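See structure below.
What you see is a predicted model, and the numbers here were worked out from it, not measured in a lab. Whatever order the structure lists ligands and atoms in, that order sets their numbers, starting from 1. By convention here, the first residue in the shown sequence is residue 1.
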Amino acid sequence: MASYLSVLVLLCLAAAASAQLSPTFYSTSCPRALATIRNAVTAAVAQEPRMGASLLRLHFHDCFVQASLTLSLLPNFDYGCDASVLLNDTATFKGEQGSLGNIGSIRGFGVIDNIKAAVEAVCPQTVSCADILAVAARDSVVALGGPSWTVPLGRRDSTTASLTQADSDLPPPNFDLANLTAAFAVKGLSRTDMVALSGAHTIGQAQCLNFRDRIYNETNINGAFASLRRGSCPRPTGSGDTNLAPLDTTTGTLFDNVYYSNLLSQKGLLHSDQVLFNGGATDSLVRTYATNPTRFNSDFAAAMIKMGNISPLTGTQGQIRRACSRVN
Ligand code: HEM
Ligand SMILES: *[C@@H]1O[C@H](CO)[C@@H](O)[C@H](O)[C@H]1NC(C)=O
Ligand SMILES: *[C@@H]1O[C@H](CO)[C@@H](O)[C@H](O)[C@H]1NC(C)=O
Ligand SMILES: *[C@@H]1O[C@H](CO)[C@@H](O)[C@H](O)[C@H]1NC(C)=O
């Protein structure tokens, strides 16, 4: 009974929190915010297409940490899309950049710092780093040819970060379908959301250490594709660990639905990619997205909005950081 009640209270709180976000949040306080972010993202992606992927992933890794439904009942709970990922280590906490899924991998901090500086120049201490991440993720997808959507705004920034929660909540690439489904369900995201959001791997790159086991040991992989990837990812652990390969082997810098066609031909780069099309419950959705780009685009956009609504700080919670890498 108590737990049903908690869940109910929680759902109300979650609904209240996301209801406070609004696309017009900065219309009067900072009318130039969105254009300032968009211009900076467009320039950064034009200079280096991969940056669009890196900025999209930053938002994902921000939202997925510190938002477990159970933990959110605790008084000192820290939140989801709260820019905690951007905080450097301090004397009082170790930040999330050193976590298993982030270290040596997550990038784009310099671009976010530049965007923040540009936004601070037009509206001092008004626009949160968490909102900048959400808008930059959308603008990155658009800059690489993907769908657009309206971003709900009004998130505030955390005053802390959690290395241990980043370690436990960011899904690793050796996850199977059930593990992935569970990791997304904990965040209130459905299996459809999970499959659609995985389509983010239509852009960006991964390091050899994250797909070595797959290209040497797995059997549900296209032979020519496996040999191609082995060419720059030597078998012994430790050699070539950081060598990069495109997550989408066909159109790696275009945000399209080709990621799913690759899965149909067993050319998913990560184990966690190919499990989405491996004889299980998500096969039919992968087929749908592979043949219906419009459906993928709309499901991806809807799932991004859901992900961006994961337990934000709102109202007077948290703060608006002046610099994204440290608390005020
Ligand atoms: C389904 C579970 C997921 C797993 C297991 C996963 C895992 C990974 C791994 C291992 C990499 C490569 C990191 C490296 O080698 O340095 C990666 C890259 C990336 N991920 Fe995911 N990911 C998942 C979901 C997502 C979601 C939901 C998004 C965004 C909506 C996303 C966006 C990206 C992007 C864009 C890159 C490339 C980043 C770059 O090139 O800088 N991923 N992911
Ligand atoms: C955070 O760390 C980065 C990388 O080490 C550094 O460039 C940046 O200046 C740091 N930010 C602050 C506010 O110290
Ligand atoms: C995935 O989930 C299964 C069943 O819950 C578990 O036994 C397995 O260890 C998990 N795999 C990983 C990589 O965590
Ligand atoms: C492949 O599987 C073998 C046997 O289980 C294991 O020893 C090896 O570390 C795995 N990975 C690679 C890259 O060969």
Donor-acceptor pair, side chain of Asp131 and main chain of Gly154, under 3.5 angstrom: yes
Does a side-chain heavy-atom distance below 4.5 Å link Leu313 with Ser158? yes
What atoms of ligand 4 come within less than 4.0 Å of a heavy atom belonging to Arg212? 13 (C)
So, the side chain of Asp62 versus the backbone of Ala83: is there a donor-acceptor pair under 3.5 Å, distance only? yes
To check your reading of the model: name the closest protein heavy atom to atom 8 (C) of ligand 4, its residue, and the distance in Å. Asn217 ND2, 3.8 Å
For Arg326, atoms of ligand 2 separated by under 4.0 Å from a heavy atom: 13 (C)
Is there a polar contact, in the sense of an N or O pair closer than 3.5 Å, between Tyr216 and ligand 4? no
Short question: side chain of Thr126, backbone of Pro124 - any donor-acceptor pair under 3.5 Å? yes
Protein contact for atom 11 (N) of ligand 3 (heavy atom, distance under 4.0 Å): yes
Could you list the atoms of ligand 4 found under 4.0 angstrom from a heavy atom of Asp213? 10 (C), 11 (N), 12 (C), 13 (C)
Students often mix this up, so state it plainly: with edges at 30° and 60°, are the rings of Trp149 and Phe300 parallel, tilted or perpendicular? perpendicular
Around atom 3 (C) of ligand 2, find the nearest protein heavy atom and jot down its residue, atom name and distance. Asn88 ND2, 3.6 Å
Between Gln47 (side chain) and Ala44 (backbone), is there a donor-acceptor pair under 3.5 Å? no
Quick note on ligand 3: atoms under 4.0 Å from a heavy atom of Asn179 include exactly 1 (C), 2 (O), 3 (C), 8 (C), 10 (C), 11 (N), 12 (C), 14 (O)
From atom 5 (O) of ligand 4, is the closest protein heavy-atom distance below 4.0 Å? no
Under a 3.5 Å distance rule, please check whether Glu96 uses its side chain to pair with a backbone N or O of Val65 as donor and acceptor. no
